[in-house]
Amino acid sequence: MSRREQVLYLAAAWCLSYPDEDLLGKVPLMRAALAEFPGAGADFGEVLDSLESTPLMESQARYVREFDLGKRHALHLSYWTDGDTRRRGEVLGHFKAAYRQSDILVDTQGELPDYLPMVLEYAARVDLAAGRALLSRYRASLEMLRFGLLRDELPHARILQAVCATLPGKSPADEQAVMRMAGYGPPAEAVGLDPYDPRLLPVKGA
């Protein structure tokens, strides 16, 4: 199972990253690696097909529009749980602490440490157990992102579904169920957001 998870997490990290020539060159590698595990490639097929068939500049413009310009599909996990609260700095520190505990220097490349592709790549290439623990802790964020992608009919939703399927428990049926799963309640010290905004789901144990 661990090898399958490593392949799935790394493919998910790449598919959720900004498309460039380097990423396009990895598409055959992702297809071959996912094909080693029955059924693993099905959730990635539409995204991989799109990368291969769409002009690169169009793929890049679409990525920026869907993932960078707004927050509907935010890839920073603590955004969904802490939004713009002062607690977010402490939460980001949890990610940094996890990375520091590994024997390999993690280069954040200017990104916040809760950037989902980074967390997935960390799980795949550095420490599977610690990476899965971070993903499990922020399961509510993953599920909210998945619902946002589903709502806008983006094929990346199936990749989020595949990631969630590696974690304990079934995925919630709707966003209200995500809130119940997370023990939803109004957060403290919210800055500029409604206290019941779904981006402010509390993290258990935080």
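Numbers here simply count residues along the sequence, with the first being 1. What you see is a predicted model, and the numbers here were worked out from it, not measured in a lab.
The NE2 atom of His76 lies 8.5 Å from the CG atom of Leu92; values are rounded to the nearest 0.5 Å. Interatomic distance, CD of Gln6 versus CZ of Arg3, reported as 6.5 Å (0.5 Å rounding). A distance of 7.0 Å separates CG of Leu34 from CG of Leu48, quoted to the nearest 0.5 Å. The distance from atom NZ of Lys96 to atom CG of Asp114, rounded to the nearest 0.5 Å, is 10.0 Å. One finds the SG atom of Cys164 at 3.5 Å from the CD atom of Glu143 (value rounded to the nearest 0.5 Å). Expressed to the nearest 0.5 Å, how far CG of Leu116 lies from CG of Leu142 amounts to 6.0 Å.
Residue pairs meeting the ring pair (Phe, Tyr, Trp, His ring centres under 6.0 Å) criterion with at least one partner in residues 36-65, sequence neighbours excluded, are Tyr18-Tyr63, Tyr63-Phe67. Here salt bridge (charged side-chain N to carboxylate O under 4.0 Å, His left out) pairs that include residues 157-169, with residues two or more places apart or in two chains, are Asp43-Arg158.
Nearest approach of Pro117 to Ser17, heavy atoms of both residues: CB-OG, 3.6 Å. The minimum heavy-atom distance between Ala12 and Val163, with the atom names listed, is CB-CG2, 3.9 Å. The two atoms that bring Leu154 and Glu66 nearest to each other are CD1-OE1, 3.7 Å, heavy atoms only.
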List the steps and the verdict of side-chain contact (heavy atoms from CB on, under 4.5 Å) for Leu16 and Tyr115.
CA-CA 10 Å; Leu16 290 168; Tyr115 182 55; over 6 Å; no

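With contacts defined as side-chain heavy-atom distances shorter than 4.5 Å, the pair Arg125/Tyr9 does not qualify. With contacts defined as side-chain heavy-atom distances shorter than 4.5 Å, the pair His94/Arg137 qualifies. Looking at heavy atoms from C-beta onward, Val119 lies in side-chain contact with Leu77 at the 4.5 angstrom threshold. For the pair Met30/Cys15, a side-chain contact is recorded, criterion being any heavy-atom separation below 4.5 Å from C-beta on. At a threshold of 4.5 Å between non-hydrogen side-chain atoms, the residues Glu36 and Arg4 do not count as touching.
In this view, Asp152 and Arg72 satisfy the salt bridge (Lys or Arg N to Asp or Glu O under 4.0 Å) rule, not counting sequence neighbours. By the side-chain contact (heavy atoms from CB on, under 4.5 Å) test, Glu52 pairs with Val27, Arg31, sequence neighbours left out. Every side-chain contact (heavy atoms from CB on, under 4.5 Å) that Leu24 has, sequence neighbours left out, goes to Glu21, Leu51, Leu56. For Phe95, the ring pair (Phe, Tyr, Trp, His ring centres under 6.0 Å) partners are Tyr138, not counting sequence neighbours. The side-chain contact (heavy atoms from CB on, under 4.5 Å) search around Arg65 returns Arg62, not counting sequence neighbours. Every residue two or more places apart in sequence or in another chain that forms a side-chain contact (heavy atoms from CB on, under 4.5 Å) with Ser136 is listed here: Leu167, Pro168.
Side-chain polar atoms of Tyr79 and Ser141 form no donor-acceptor pair below 3.5 angstrom.
The environment of Glu46 atom CD is sparse: at most 12 non-hydrogen atoms of other residues, nucleotides or ligands sit within 6.0 angstrom.
The main-chain N or O of Thr166 is found under 3.5 Å from a side-chain atom of Arg132 such that the two form a donor-acceptor pair.
Linking ILVMFWY residues whenever their side-chain heavy atoms come closer than 4.5 Å, directly or via other members, leaves Met57 and Val47 in distinct clusters.
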